[in-house]
> 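Mind looking over this structure? Questions follow.
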Amino acid sequence: MTKIYRARWVLPITDEPIRDGAVAVEGTRVAGVGPRREVSERFPSAEVIELGEAAVLPGFINCHTHLELTAMRGFLEPEEGDFFAWLRKVTASRNERMSADDLYVSAAWGAVEAARAGVTCVGDASDSAMMSMLALRDVGLRGVVFQESFGPDPRLAEQNFAKLKLKVDELREFQSELVRVGVSPHAPYTVCRPQLELISEFAISDRLPLMMHAAESEAEELFLREGTGRFADGLARRGIEWTPPRISPIQYLKQAGVLDTQPLLAHCIRVDVDDIETLRETGAKVAHCPKSNAKLGHGRAPFAKFLAKGVVVGLGSDSVASNNTCDIIEEARFAASIARSSENSFLKSSQMLAAATVEGARCLGLETRIGVLREGWQADLVVVGLNGAHQLPVYDPLTTLVFSSSGRDVLLTMIAGREVYRDQRVTGVDEERLRARMNEIAQKLN
Ligand SMILES: [Zn+2]
């Protein structure tokens, strides 16, 4: 059964906006995109859904999330000035105080928030990747779930790597058309070099996407360049020897083989001209997380420079523990504004929407299936209302979307032809049960 979604605007992203446009959906795919009369003539017996003053565009892609940490939204305000203390509290709370079901509920609530905000695909880094995969499945989102690996002690590298392999083997059973498995060595200061090398070789041999945090904080840079600071002190306290390579985080990851995997790197704030060139040359991609970076006081990544140099950049919310929302429209607006204020670079609304969609798809290796509205591509799309008091008048729908809208203006979210959010309801899960459980988890954590 073909359905035609008609709206004031259809925004294919890689082609010009279509006024009074339509998108035809058949099964899991887009069957046609164009002016409404043309689409109606091609599919005369299709059911027509009239959306009125709204824009239909490819679903938003959130390249960097930690859905399992959704229960920690607003939980770490006192620690936000001290990244080491922040990470320690996140890790201890997750490992010691949250049950497997708590982690599932937390991830599912994060997936609900994403679906409501028009996010159709996530790149989720998770210690409990299984729970994240189940959450995505139940809500109906697409995604790559990166199983995290930790281990700063080189003496335990083999053992920690074996654990990761075992987990990935289990997770493979849960892969589907929509959800894929990847690996994520957490960060340069939590994973030792031999373990980085092992994981990188594994990612290449097993064709697993790899995601890693990189060049995020001053503490990380001190750790690598000087062998000092909170991370170095932390290792010393645990009796782990550390000889700093005295190079930048990006060059260190190149040496350790991580960049051979064409990884997705979250943050990339502390990069110089050579690092940017290295990212471009190696085909590494960047998950730009400007709101999280600003909230934790880490600074900002040179987004406009990345684009000028041809580095692929998508947008990420990071966990809501440091954001505090998963809203890619808001992320795009924030990214555009700080590029203007700190890089003196006036990126266009069209570039911001590309980062939120097609470039995000490239970051996750899904660029031949999603990220644009095109015949034959997966029917992952979002409908955003354009008729609000905060939006009128609409001179240019791209500008209205980026600078006047938010995820709360989303009316419908579709993934692989399935409406996962419509009429204010996420259809795949019992939102009331999850809401009650989220409040229970918060009481337990507090
Ligand atoms: Zn992160």
Side-chain angles (χ1 to χ4, degrees), residues 61-73 75-76 79-80 82-95 103 106-107 110-111 113-114 119 121-129 131-132 135-136 143-150 182-191 196 199 209-221 231 249-250 253 258 263-271 284-301 303 313-328 331 334-335 360 363-364:
I61 297 176
N62 189 346
C63 290
H64 184 54
T65 60
H66 301 272
L67 294 178
E68 65 181 349
L69 303 183
T70 302
M72 294 186 208
R73 188 197 322 265
F75 176 57
L76 295 117
E79 286 77 20
E80 281 179 357
D82 179 347
F83 191 42
F84 186 79
W86 188 91
L87 282 167
R88 207 166 43 183
K89 184 168 170 182
V90 166
T91 310
S93 305
R94 178 182 61 199
N95 295 352
L103 290 163
S106 190
E113 179 187 11
V119 170
C121 180
V122 295
D124 192 55
S126 176
D127 193 34
S128 53
M131 294 303 139
S132 185
L136 295 184
V144 181
V145 176
F146 300 94
Q147 173 63 54
E148 286 186 320
S149 175
F150 296 84
V183 288
S184 177
H186 174 259
Y189 48 85
T190 47
V191 183
L196 288 177
I199 296 172
L210 186 147
M211 177 268 140
M212 186 168 173
H213 298 92
E216 181 180 10
S217 63
E218 186 187 14
E220 176 185 339
E221 199 171 20
F231 293 130
I250 298 301
L253 296 187
V258 174
L264 172 61
L265 301 177
H267 309 307
C268 296
I269 296 167
R270 293 178 169 266
V271 292
K285 295 127 194 150
V286 175
H288 182 35
C289 307
K291 281 182 66 201
S292 167
N293 298 158
K295 190 148 192 286
L296 292 175
H298 287 151
R300 51 97 194 152
F303 180 41
V313 186
L315 297 173
S317 62
D318 208 349
S319 77
V320 297
S322 64
N323 190 309
N324 293 356
T325 58
C326 163
D327 183 338
I328 290 301
E331 210 71 44
F334 194 81
C363 285
L364 295 173

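Residue indices begin at 1 and follow the sequence shown. Note that ligands are numbered from 1 as they come in the structure, with each ligand's atoms numbered from 1 the same way.
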> At a cut-off of 2.8 Å, list the protein N/O/S atoms near the Zn ion (ligand 1), residue plus atom name.
His64 NE2, His66 NE2, His213 NE2, Asp318 OD1

> Glu220: what forms a salt bridge (Lys or Arg N to Asp or Glu O under 4.0 Å) with it, not counting sequence neighbours?
none

> Please check if any side-chain donor atom of Asp124 sits under 3.5 Å from a side-chain acceptor atom of Thr65, or the reverse.
yes

> Taking side-chain hydrogen bond (donor to acceptor under 3.5 Å, both in side chains) as the definition, give me every residue that meets it alongside Thr70, ordered by chain and number, with sequence neighbours left out.
none

> State, without any angle test, whether Asn62 and Glu331 hold a side-chain donor-acceptor pair at a distance under 3.5 Å.
no

> Using atom types as modelled and distance alone, determine if a side-chain donor or acceptor of Ser149 lies under 3.5 Å from a backbone N or O of Pro185.
no

> List the residues meeting salt bridge (Lys or Arg N to Asp or Glu O under 4.0 Å) with Glu79, not counting sequence neighbours, and say none if there are none.
Lys89

